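Encoded as structure tokens, the structure appears first; notes follow it.
All of these numbers come straight from a predicted model, not from anything done at the bench.
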Amino acid sequence: MMVATEEETMKVLVATGSKYGATREVGEAVAEVLREYGFETDFADACDVASVRYYDAVIVGSAVYGGLWRKDASALVRDNAATLRARDTWLFSVGMTQVTEPDQPLDEAEELAELAGAIEHKRFGGRLLVEKLNVGEKALVKLINPPIGDFRDFEEIRDWAQNVCLRLQEDAFA
């Protein structure tokens with residue numbers, strides 16, 4: 001794991017794969033907490049990240065659809081797995097499965113967490129707003145009848161981000 005000295009600030013990347021912006025907003029909240037704790041933090045869409053090698057720690061989050069991460073976020077983890085294993089790495093998923101079936105394992109996310117050597121994979125409730133969906137997605141929603149609304153708990157998200165910060169501080173000055 002990368003360790004920063006007292007003279008340097010740890011550089012952290014928060015990257016997200018988000019289709020309708022809900023996961024992006026979760027990532028932005030995580031990045032905000034990291035900045036409050038004094039970490040030099042970049043926030044980016046997963047598709048815009050060329051490399052993770054310049055970061056001391058990496059947090060990657062993705063929206064989850066049908067148990068799968070968005071392709072840009074999963075590709076970021078898969079393409080950089082060796083580098084991520086040498087860094088403090090966390091993953092998070094945002095989706096309705098956490099609302100409807102919180103104990104259901106998300107196979108791809110767990111596989112990605114193992115591949116990246118992630119310290120933790122955290123699941124957060126998602127947001128489902130029918131007016132943002134395309135015709136096919138609206139038909140699917142009508143068929144499966146999931147709960148509609150915003151189920152993200154930003155207090156829980158900030159608490160988790162604070163725990164990440166505490167872990168990073170421990171690692172930096174160990």
Side-chain angles (χ1 to χ4, degrees), residues 1 9-49 52 55-74 76-77 80 84 87-114 116-133 146-172:
M1 306 251 171
T9 301
M10 289 185 78
K11 189 168 176 82
V12 182
L13 171 66
V14 178
T16 59
S18 185
K19 184 172 185 177
Y20 293 111
T23 302
R24 183 176 296 110
E25 291 171 0
V26 170
E28 288 170 342
V30 170
E32 181 180 312
V33 171
L34 287 157
R35 289 182 189 115
E36 288 169 4
Y37 272 73
F39 294 102
E40 183 180 341
T41 305
D42 289 340
F43 175 79
D45 289 328
C47 61
D48 294 333
V49 177
V52 299
Y55 295 95
D56 301 303
V58 179
I59 302 168
V60 182
S62 180
V64 178
Y65 297 96
L68 299 175
W69 266 30
R70 295 211 20 102
K71 288 182 182 182
D72 56 346
S74 65
L76 176 63
V77 172
N80 292 280
L84 291 172
R87 308 244 178 326
D88 287 329
T89 301
W90 286 264
L91 304 182
F92 68 87
S93 296
V94 178
M96 296 308 292
T97 303
Q98 183 61 22
V99 175
T100 59
E101 301 175 56
D103 296 325
Q104 177 183 348
L106 300 175
D107 293 337
E108 184 180 33
E110 297 305 324
E111 173 194 338
L112 291 170
E114 187 174 327
I119 292 168
E120 180 183 14
H121 168 245
K122 178 70 174 171
R123 295 185 183 103
F124 297 113
R127 179 181 71 191
L128 179 57
L129 302 177
V130 176
E131 61 271 13
K132 290 193 169 218
L133 304 178
I148 307 296
D150 191 342
F151 300 93
R152 297 170 299 165
D153 180 341
F154 280 94
E155 184 175 332
E156 176 189 17
I157 292 161
R158 284 187 287 276
D159 287 347
W160 180 76
Q162 289 173 350
N163 286 330
V164 168
C165 290
L166 295 173
R167 174 67 186 264
L168 287 171
Q169 287 175 336
E170 286 175 11
D171 289 353

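With hydrogens and angles disregarded, no donor-acceptor distance shorter than 3.5 Å links the side chain of Ser62 to the backbone of Trp69. With hydrogens and angles disregarded, no donor-acceptor distance shorter than 3.5 Å links the side chain of Ser93 to the backbone of Val64. With hydrogens and angles ignored, the 3.5 Å screen pairs no side-chain donor or acceptor of Arg152 with any backbone N or O of Val26.
To the nearest 0.5 angstrom, Thr16 atom OG1 is 6.0 Å from Phe92 atom CZ. We find the SG-CZ distance between Cys47 and Arg70 to be 8.5 Å, quoted to the nearest 0.5 Å. In this structure, SG on Cys165 lies 13.0 Å from CZ on Arg158, to the nearest 0.5 angstrom. Rounded to the nearest 0.5 angstrom, Ile119 CD1 and Asp88 CG are separated by 4.0 Å. In this structure, CD1 on Ile59 lies 9.0 Å from OG1 on Thr89, to the nearest 0.5 angstrom. Taking CD from Glu25 and CG from Asp150, the interatomic distance works out to 7.5 Å, rounded to the nearest 0.5 Å.
Crowding of Glu120 atom CD: a count of heavy atoms from other residues, nucleotides or ligands under 6.0 Å exceeding 12.
Taking every heavy atom of both residues into account, Val60 and Val77 meet most closely at CG1-CG2, 4.0 Å. Smallest separation of non-hydrogen atoms from Glu108 and Gly67: CB-O, 3.8 Å. Pairing each heavy atom of Leu13 with each of Ala44, the nearest pair is CD1-CB, 4.4 Å. Of all heavy-atom pairs spanning Val52 and Arg87, the tightest one is O-NE, 3.9 Å. When all heavy atoms of Glu156 and Arg123 are compared, the closest pair comes out as OE2-O, 4.4 Å. The shortest non-hydrogen separation linking Thr9 to Gly38 is CG2-O, 3.1 Å.
By the side chain to side chain donor-acceptor pair (under 3.5 Å) test, Asp42 pairs with Lys11, Tyr55, sequence neighbours left out. For Tyr20, the side chain to side chain donor-acceptor pair (under 3.5 Å) partners two or more places apart in sequence, or in a different chain, are Glu137.
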request  = Start with the C-alpha gap between Leu166 and Tyr37, add the side-chain angles, then the distance that decides, and say whether side-chain contact (heavy atoms from CB on, under 4.5 Å) holds.
outcome  = CA-CA 9 Å; Leu166 295 173; Tyr37 272 73; 4.2 Å; yes
Which pairs of donor and acceptor atoms, one on a side chain in residues 28-36, lie under 3.5 Å apart (sequence neighbours left out)?
residue: Arg35; atom: NE; partner: Thr41; partner atom: O; Å: 3.4
residue: Arg35; atom: NH2; partner: Thr41; partner atom: O; Å: 3.2

